Amino acid sequence: MSDLQTPLRPKRKKDWVDYFVHFRWIVVIFVVLPISFTIYFLIYLGDVKSAMKSEKRRQEEHEENVKKVVNRLKQRNPKKDGLVCTARKPYIAVGMRNVDYKRARHFEVDLSAFRNILEIDKERMIAKVEPLVNMGQITRATVPMNLALAVVAELDDLTVGGLINGYGIEGSSHIYGLFSDTVVALEVVLANGRVVRATKDNEYSDLFYGIPWSQGTLGLLVSAEIKLIPVKEYMRLTYTPVRGNLKELAQAYADSFAPRDGDQSKVPDFVEGMIYTPAEGVMMTGRYASKEEAKKKGNVINSVGWWFKPWFYQHAHKALKKGEFVEYIPTRDYYHRHTRCLYWEGKLILPFGDQWWFRWFFGWLMPPKVSLLKATQGEAIRNYYHDKHVIQDLLVPLYKVGDALEYVHQEMEVYPIWLCPHRLFKLPVKTMVYPEPGFELHYRQGDTSYAQMFTDIGVYYAPAAVLRGEEFDGANAVRQLEEWLIQNHGFQPQYAVSELTEKNFWRMFDGAQYEHCRQKYGAIGTFMSVYYKSKKGKKTEKEVQEAEAAILEPAYAEEA
């Protein structure tokens with residue numbers, strides 16, 4: 001990459017935290033993995049027990065649990081009790097961001113019972129589920145029926161509630177949008193205990209559009225109805241190697257799913273890209289295929305879900321040596337292809353976890369639960385990862401992917417990089433994330449009259465400077481990245497560690513619809529604001545009180 005210069009950084013002296021992180025695999029092997037496996041097994045047994053109940057019984061239990069939530073909210077004394085939070089432990093959340101708001105005074109509402117699939121309606125093509133249903137649970141139920149959610153987030157542990165209140169994406173998002181775009185209806189308990197069902201065209205449509213990205217700060221989600229699509233038994237996956245500079249890799253990625261001639265028959269069912277170096281990447285496109293097609297003579301079937309199989313990103317890397325190739329992957333295996341190795345984060349957690357001997361003898365213990373990794377790291381280790389590690393998703397317009405890749409290379413130099421496209425729809429109201437104004441007039445590649453094509457650029461790993469033992473200021477790098485996103489109409493999912501000030505938070509996101517819902521549905525003084533909930537660092541009692549008191553004026557900054 002002659003046109004990109006990597007900044008020279010001074011060497012950094014190691015301290016005890018460096019050595020603890022380096023040998024953290026000992027704790028992972030002997031503590032985290034066995035406990036993780038036990039928890040996964042118990043959760044699986046709970047899912048089986050739930051599936052054995054009739055839909056009628058599950059619905060009755062759901063209604064009983066909703067009444068408990070309503071009664072709990074009514075017990076709260078606004079003058080004495082803190083802001084409402086779920087009773088989930090702070091480390092349970094999947095993501096790097098510290099859930100520090102729970103260290104201050106708060107009023108807990110227990111939602112732990114809401115983990116059941118309530119109904120699979122084949123006629124309406126709708127799955128009605130509770131918020132703690134995770135992706136692994138729902139694919140176990142739907143894929144044998146040749147059905148699936150329109151967007152299935154890759155990691156098994158990701159929950160419906162988190163993906164709706166926050167952010168979720170998959171390789172089908174270039175067709176269906178983000179996870180929240182596939183939601184048909186939301187059942188929400190409001191601050192006053194009232195239970196409402198919000199859809200895009202009923203009297204609560206403003207709440208329906210306000211909840212995505214709100215981080216549960218408008219009400220308590222207790223169920224959701226989500227779009228199902230028909231699927232087949234296998235994914236026919238094509239691995240295509242690409243070479244060139246970062247701008248050329250970005251163009252090859254766009255061409256893989258957004259044909260320049262506009263021929264929609266060329267659009268694959270699934271797509272993702274991986275950039276392994278500044279000059280090499282592999283683009284993967286998938287189409288659903290029947291069992292009969294997959295088992296035809298000469299076709300290669302690869303069940304990537306088996307514990308002993310090579311990690312998926314390393315398997316895809318083979319295309320750079322062997323050239324383009326095609327194989328058939330069982331659909332559920334494909335959905336969860338990144339679960340076992342947590343994309344490539346597994347390589348840092350267990351440096352030898354990808355070796356054949358570990359995969360064969362211990363791979364069945366993988367993956368470690370992210371919540372347990374966080375619970376066992378302590379304050380010093382947590383701060384180390386904040387400063388010396390990057391876990392960020394950059395949501396940028398498709399035509400700016402090349403610029404974003406060059407920026408990440410220059411400022412962070414993190415590889416591999418994950419690419420996943422998604423539509424950002426032009427909605428009846430302006431939500432927290434929204435397309436560029438007037439995008440439909442430019443006729444750019446991938447765009448339509450009703451949606452702008454964006455891309456999630458997943459940057460997950462230790463920067464090269466850290467791996468070389470050089471100085472790296474992670475907080476400053478994230479601040480600069482956030483400013484770049486603001487300047488380029490990009491967005492940062494709130495699960496990540498953020499350095500945004502309140503003013504910059506509302507420069508990145510649009511707050512009008514959100515603040516409207518906060519006031520109309522009584523969230524002010526009951527649920528903390530989304531910025532306060534996302535803010536990095538510990539929250540003091542004083543901050544909680546200020547968050548309860550000040551709220552009638554919108555906090556978001558005026559547009560420049």
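Every heavy atom of this structure was used, including side-chain atoms; hydrogens, water molecules and symmetry mates were not. The shown structure was predicted, so the numbers you read here are calculated from the model rather than taken from an experiment.
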task = Report the residues that fulfil side-chain hydrogen bond (donor to acceptor under 3.5 Å, both in side chains) with Y461, sequence neighbours left out, ordered by chain and then residue number.
result =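 Scan of Y461 (side-chain hydrogen bond (donor to acceptor under 3.5 Å, both in side chains), adjacent residues dropped) gives none.
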
Tell me whether [X] contacts the main-chain N or O of [Y] through its side chain, where contact means a donor paired with an acceptor under 3.5 Å.
X    : Y    : result
N165 : G161 : yes
Q392 : V497 : yes
N299 : K295 : no
E482 : L500 : yes

inquiry  = Against Y335, only a single residue in V231, D156, I329, L149 fulfils side chain to side chain contact (heavy atoms under 4.5 Å, CB included); can you say which?
reply    =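 Testing Y335 for a side chain to side chain contact (heavy atoms under 4.5 Å, CB included) against V231, D156, I329, L149 leaves exactly one candidate, V231.
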
request  = Sequence neighbours left out, what pairs pass ring pair (Phe, Tyr, Trp, His ring centres under 6.0 Å) with at least one residue falling in residues 132-153?
outcome  =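 Residue pairs passing ring pair (Phe, Tyr, Trp, His ring centres under 6.0 Å), neighbours aside: none found.
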
message = Does the Lys NZ or Arg CZ of R72 fall within the cation-pi geometry relative to F107 - under 6.0 Å from the ring centre and within 45° of the axis?
response =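 So R72 does make the cation-pi contact.
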
Charged N to carboxylate O below 4.0 Å: is that the case for [X] and [Y]?
X    : Y    : answer
R423 : D181 : no
E60  : R57  : yes
E119 : R58  : no
D269 : R287 : no
D206 : K520 : yes

If you measure only the distance, is there a donor-acceptor pair under 3.5 Å linking the side chains of [X] and [Y]?
X    : Y    : value
Q494 : S534 : no
N134 : T159 : no
H422 : T455 : no
E272 : H338 : yes
K74  : N192 : no
H62  : E130 : yes
Y239 : E327 : yes

message = Among W213, W506, Y209, exactly one meets ring-ring contact (aromatic ring centres under 6.0 Å, His included) together with Y514. Which residue is that?
response =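 It is W506, the one option of W213, W506, Y209 that forms the ring-ring contact (aromatic ring centres under 6.0 Å, His included) with Y514.
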
key: ring-ring contact (aromatic ring centres under 6.0 Å, His included) partner of Y460, the single match among Y313, Y343, Y495   =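 Checked Y313, Y343, Y495 against Y460; only one passes ring-ring contact (aromatic ring centres under 6.0 Å, His included): Y343.
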
task = Over 60° means perpendicular and under 30° means parallel, so classify the ring planes of F425 and Y450, tilted if in between.
result =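 Parallel, since the angle between the ring planes stays under 30°.
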
message = Please check if the number of heavy atoms outside K309 that lie under 6.0 Å from its NZ is greater than 12.
response =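 Yes, because the 6.0 Å sphere around NZ of K309 holds more than 12 heavy atoms from other groups.
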
